[in-house]
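A short write-up of the structure that comes next.
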Amino acid sequence: MIRTSVKMIGALAVGALFWFARRPKAAEPVKSDEHSAAFCDNETDPENFDQTRSAGPEGMRDKTRRDWNKVDQAVDESFPASDPPAY
C-alpha cells in the first residue's frame, strides 16, 4: 500500500511538472491595429497627414532586437533622406 501511494504521488508530481512546463505563457498586451506597424501606440495623430513617426526605438511599435548605437540613431533620424550619415 505504501508503494502504491508513493507511485501515485510520483505520478502526480511528474504530471504537475509536465503541466507547468507546457502551460501557455502570459499573453502580450494587444497592440492597436489602427495604425501602421512601424508606429508605437499613441505615436500617430489623425491630423498628421504624412504619418511620420519620431526617430529612435521609443517611436517604434516593436522592441528592437539589440541595443541601439549612435549609427542606428543617426540612420533612423536621416530617414527618408536619400543619403545616410557618413559613419
Side-chain angles (χ1 to χ4, degrees):
M1 178 150 158
I2 293 176
R3 285 187 177 192
T4 305
S5 298
V6 170
K7 286 181 182 180
M8 288 181 62
I9 291 172
L12 287 173
V14 170
L17 287 173
F18 182 75
W19 181 79
F20 277 113
R22 301 285 295 166
R23 70 180 174 177
K25 304 290 183 222
E28 290 187 22
V30 177
K31 295 180 180 179
S32 175
D33 288 332
E34 296 176 6
H35 54 76
S36 175
F39 297 97
C40 72
D41 293 336
N42 301 323
E43 178 71 19
T44 60
D45 184 2
E47 296 176 9
N48 184 2
F49 71 93
D50 66 350
Q51 297 296 305
T52 304
R53 72 165 177 83
S54 300
E58 54 277 340
M60 295 179 182
R61 181 176 180 184
D62 297 326
K63 295 179 182 177
T64 59
R65 293 183 182 178
R66 59 178 172 78
D67 291 337
W68 273 35
N69 58 27
K70 66 179 184 176
V71 175
D72 296 324
Q73 185 70 27
V75 168
D76 196 47
E77 289 172 355
S78 72
F79 185 81
S82 60
D83 297 329
Y87 282 111

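In this text the structure is predicted, and so the values were computed from the model without any measurement. Just so you know, these numbers use all the heavy atoms, side chains as well, and skip hydrogens, waters and symmetry mates.
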Using side chain to side chain contact (heavy atoms under 4.5 Å, CB included) as the criterion, list what pairs up with N69, not counting sequence neighbours.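 Result, side chain to side chain contact (heavy atoms under 4.5 Å, CB included) vs N69: V71, D72.
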
Once rounded to the nearest 0.5 Å, what's the spacing between atom OG1 of T4 and atom CD1 of I9? 11.0 Å

Other than W19, which residues form its hydrophobic cluster under the rule that side-chain heavy atoms must be closer than 4.5 Å?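 The other cluster members (ILVMFWY side chains, heavy atoms under 4.5 Å, direct or chained) are F20.
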
Do you know which two heavy atoms are closest between T64 and R66, and how far apart they sit? OG1-O, 3.0 Å

Quick one, P57 and Q73 - any side-chain contact, counting heavy atoms below 4.5 Å? yes

Between D76 (side chain only) and A55 (backbone N and O only), is there a donor and an acceptor less than 3.5 Å apart?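 No: the side chain of D76 does not pair with the backbone of A55.
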
